[in-house]
Colleague: 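What follows is a structure written as structure tokens; I'll ask about it next.
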Protein chains: 2
Amino acid sequence: MPRETKIPLPTLERLATCYRYLTDIESRNVETISSSAIETATGIHAAQFRKDLSYFGVFGRPGIGYDVDDLKRRIAGILKVENEQPVILVGAGNLGSALVGFFGLPQHNFHIVAVFDNNPRKIGQTLWDLQVQDVGRLSETNAQLGARIGIIAGPAVAAQNITDVLVDAGIRVILNFAPTTIRVPDGVGVRNVCFIQELAVLSYYLSKLPEPNVG
Amino acid sequence: MPRETKIPLPTLERLATCYRYLTDIESRNVETISSSAIETATGIHAAQFRKDLSYFGVFGRPGIGYDVDDLKRRIAGILKVENEQPVILVGAGNLGSALVGFFGLPQHNFHIVAVFDNNPRKIGQTLWDLQVQDVGRLSETNAQLGARIGIIAGPAVAAQNITDVLVDAGIRVILNFAPTTIRVPDGVGVRNVCFIQELAVLSYYLSKLPEPNVG
DNA sequence: CAGGGGTTGTGCATTATTTCACAGCCAGCG
DNA sequence: CGCTGGCTGTGAAATAATGCACAACCCCTG
Ligand SMILES: NC(=O)c1ccc[n+]([C@@H]2O[C@H](COP(=O)([O-])OP(=O)(O)OC[C@H]3O[C@@H](n4cnc5c(N)ncnc54)[C@H](O)[C@@H]3O)[C@@H](O)[C@H]2O)c1
Ligand SMILES: NC(=O)c1ccc[n+]([C@@H]2O[C@H](COP(=O)([O-])OP(=O)(O)OC[C@H]3O[C@@H](n4cnc5c(N)ncnc54)[C@H](O)[C@@H]3O)[C@@H](O)[C@H]2O)c1
């Protein structure tokens, strides 16, 4: 029963998917859930899921399954999403405003606590309940906020620049929406989200799909 | 030299990343590029990249590297992104409007040609240069547009519903932004993009990161 | 035309991840 | 209490993906 071995990245992604699902069904009054029920709901292979949990010493009850409430708490503990976490966002454009207004974030304990931009026209504007601040003062501001998670929603050309500013301000992990690869020093984590890339892969799928068998 | 064997999904994702990068450097007048240069720019391991290309019979020149222009065209051909592709979008909310206004899409040949919603207040509104249409008429409209790529930007509770409508209208691949797992019939491709999941994984990283070694 | 520095394509070893399959456990029931 | 149907945890086998290492190749230079 390895407790602290290296965890495969796919395992973490599956746990996150599952966590999302558990928050869903929590509202309905489901008490316990089996790994195979999770498979049908999320597409995660049942044995895979059980093994994922076993990495962390999370166990269900044979013959019964997992206690929904407990399972959710345990996964939250693993992913460290039990407590509210401050997040700062750079780039108050189209995507940035959508993110600030996205209620799904606070619902999952991620709170955007500050928004920055470098455009004088944007600085000072109010986005939902936040005032856009000058990116030049990011470091200063974050010294007080203490956020360690940052989101890049600025243009690709500025992404590296923004990255450097974020890292300088003590940000330790970055979610990057700009369609470009950013360089970070060791000890800083990055995940890229690129819609175009997703569409490109879908486009490939599309070309390989058999013709529809409609009458 | 396997031409039409099963292609690993990571290979496609890497090609998409690389494609994005190539469009970047095309503007500057770079003629050729080596796999190791691609590695430093994108983080994709050089040998890996060469192997990825070899699946498709795309070859560079030993001692020289790859012709940028040609390579870009070849990858575009693989991913089938050489020609304009119509895309339809469901959900004219925060995220939906950001997507419609996102110039990166047409730049990469993806054109959002119609937007649908079920909220009477949204229907008829103009989003950039598109008028929001009633989702009830999606199938009818798409019979003319012939789009085969669909984007879901509606709420999670409606996602399955929207999926069914899309599939019914002849959509063959779906990019799903709703934080829920959707079921599709065989022969329909799906990719999910879930920001919360990304943040959750980052949150895990964060907890495992060594403390910053700042003086 | 020989030699050198640089780069590719790819078989093979290595590492990572998934899947199988089954012993062991649990609750309910007669 | 003993059996039964259902579900878990996990070692071992299978599959997938990556990284290595090197022959083959190309251009340039002298
Ligand atoms: N809009 C979308 O749906 C969408 C989708 C996928 C990816 N993206 C990517 O997200 C990023 C933002 O997209 P958008 O549509 O919101 O663009 P946008 O132009 O609307 O917003 C970009 C914002 O970043 C600000 N900015 C520019 N340079 C900056 C800097 N150095 N420091 C701080 N702020 C700076 C600009 O002033 C602007 O407000 C882009 O990289 C885009 O490719 C957008
Ligand atoms: N806003 C973000 O930054 C963001 C980020 C990540 C994921 N998401 C996800 O994207 C989706 C949309 O987010 P949003 O912030 O734009 O929400 P939103 O509420 O602003 O927009 C949702 C839109 O979908 C429409 N809609 C609802 N039911 C529909 C149906 N059955 N058919 C057609 N249209 C329908 C609504 O009328 C509304 O216009 C949500 O699932 C959300 O979780 C949003």
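Convention: sequence-line order gives letters A, B, ...; per-chain numbering from 1.
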Colleague: Using side-chain contact (heavy atoms from CB on, under 4.5 Å) as the criterion, point out the one residue from Ile182(B), Asn192(B), Ile151(B) that pairs with Ile174(B).
Modeller: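 Result for side-chain contact (heavy atoms from CB on, under 4.5 Å) with Ile174(B): Ile182(B).
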Colleague: Kindly indicate whether the side chain of Tyr21(A), heavy atoms from C-beta on, has any atom under 4.5 Å from the side chain of Ile33(A).
Modeller: yes
Colleague: Can you see if the side chain of Ser35(A) gets near the phosphate of dT8(D) - specifically, an N or O under 4.0 Å from OP1 or OP2?
Modeller: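 Result: yes.
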Colleague: Could you write out each protein N or O paired with an N or O of nucleotides 17-19 of chain D at a distance under 3.5 Å?
Modeller:
{"unit_1": "dT18(D)", "atom_1": "OP1", "unit_2": "Arg14(B)", "atom_2": "NH1", "d": "2.9"}
{"unit_1": "dT18(D)", "atom_1": "OP2", "unit_2": "Arg14(B)", "atom_2": "NH1", "d": "3.1"}
{"unit_1": "dT18(D)", "atom_1": "OP2", "unit_2": "Arg14(B)", "atom_2": "NH2", "d": "2.8"}
{"unit_1": "dT18(D)", "atom_1": "O5'", "unit_2": "Gln48(B)", "atom_2": "OE1", "d": "3.2"}
{"unit_1": "dG19(D)", "atom_1": "O6", "unit_2": "Lys51(B)", "atom_2": "NZ", "d": "2.4"}

Colleague: Expressed as a whole number of angstroms, how long is the span from Leu12(B):CG to dA16(D):C1'?
Modeller: 14 Å
Colleague: Could you list the donor-acceptor pairs under 3.5 angstrom formed between side-chain atoms of residues 96-109 of chain A and any protein atom two or more places apart in sequence or on another chain?
Modeller:
{"unit_1": "Ser97(A)", "atom_1": "OG", "unit_2": "Gly93(A)", "atom_2": "O", "d": "2.4"}
{"unit_1": "His108(A)", "atom_1": "ND1", "unit_2": "Gly104(A)", "atom_2": "O", "d": "3.0"}
{"unit_1": "Asn109(A)", "atom_1": "ND2", "unit_2": "Val81(A)", "atom_2": "O", "d": "3.0"}
{"unit_1": "Asn109(A)", "atom_1": "ND2", "unit_2": "Glu82(A)", "atom_2": "O", "d": "3.0"}

Colleague: Which one of Lys51(B), Arg50(B), His45(B) satisfies the side-chain hydrogen bond (donor to acceptor under 3.5 Å, both in side chains) criterion with Ser35(B)?
Modeller: Arg50(B)
Colleague: Sort and list the pairs that fulfil salt bridge (charged side-chain N to carboxylate O under 4.0 Å, His left out) and have at least one residue in residues 154-169 of chain B, not counting sequence neighbours.
Modeller: none
Colleague: Rounded to whole angstroms, how far apart are CZ on Phe59(A) and C1' on dG24(C)?
Modeller: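 Atom-to-atom, Phe59(A) to dG24(C), this comes out as 14 Å.
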Colleague: Whole Å only: how far is the CZ atom of Phe49(A) from the P atom of dT17(C)?
Modeller: 18 Å
Colleague: Is Arg20(A) salt-bridged to Asp24(A), going by a charged N under 4.0 Å from an acidic O?
Modeller: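 So Arg20(A) does not pair with Asp24(A) through a salt bridge.
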Colleague: Can you tell me the distance, in whole Å, between the CD1 atom of Ile38(B) and the P atom of dG9(C)?
Modeller: 11 Å
Colleague: Say whether, by atom type as modelled, one donor and one acceptor occur between the side chain of Arg172(A) and the main chain of Gly187(A) under 3.5 angstrom.
Modeller: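 Here the side-chain-to-backbone pair exists.
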Colleague: Could I get a table of every N or O pair under 3.5 Å where one atom is in the protein and the other is in nucleotides 26-30 of chain C?
Modeller:
{"unit_1": "dC26(C)", "atom_1": "O4'", "unit_2": "Pro62(A)", "atom_2": "O", "d": "3.1"}
{"unit_1": "dA27(C)", "atom_1": "OP1", "unit_2": "Arg61(A)", "atom_2": "NH1", "d": "3.0"}

Colleague: Tell me the ring-ring contact (aromatic ring centres under 6.0 Å, His included) pairs involving residues 164-185 of chain B, sequence neighbours left out?
Modeller: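 Every ring-ring contact (aromatic ring centres under 6.0 Å, His included) pair that includes a residue of residues 164-185 of chain B, provided the two are not neighbours, is Phe195(A)-Phe177(B).
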Colleague: Nearest-Å distance, CD1 (Ile33(A)) to P (dC7(D))?
Modeller: 12 Å
Colleague: How many Å lie between CZ on Phe56(A) and P on dT10(D), as a whole number?
Modeller: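 Computing the Phe56(A):CZ to dT10(D):P distance gives 14 Å.
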Colleague: Rounded off to whole Å, could you give me the CD-to-P distance for the Glu13(A) and dT17(C) pair?
Modeller: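 Computing the Glu13(A):CD to dT17(C):P distance gives 10 Å.
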Colleague: Got a sec, which pairs hit ring-ring contact (aromatic ring centres under 6.0 Å, His included) with one end in residues 73-101 of chain A, sequence neighbours left out?
Modeller: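 Residue pairs with at least one partner in residues 73-101 of chain A: there are none.
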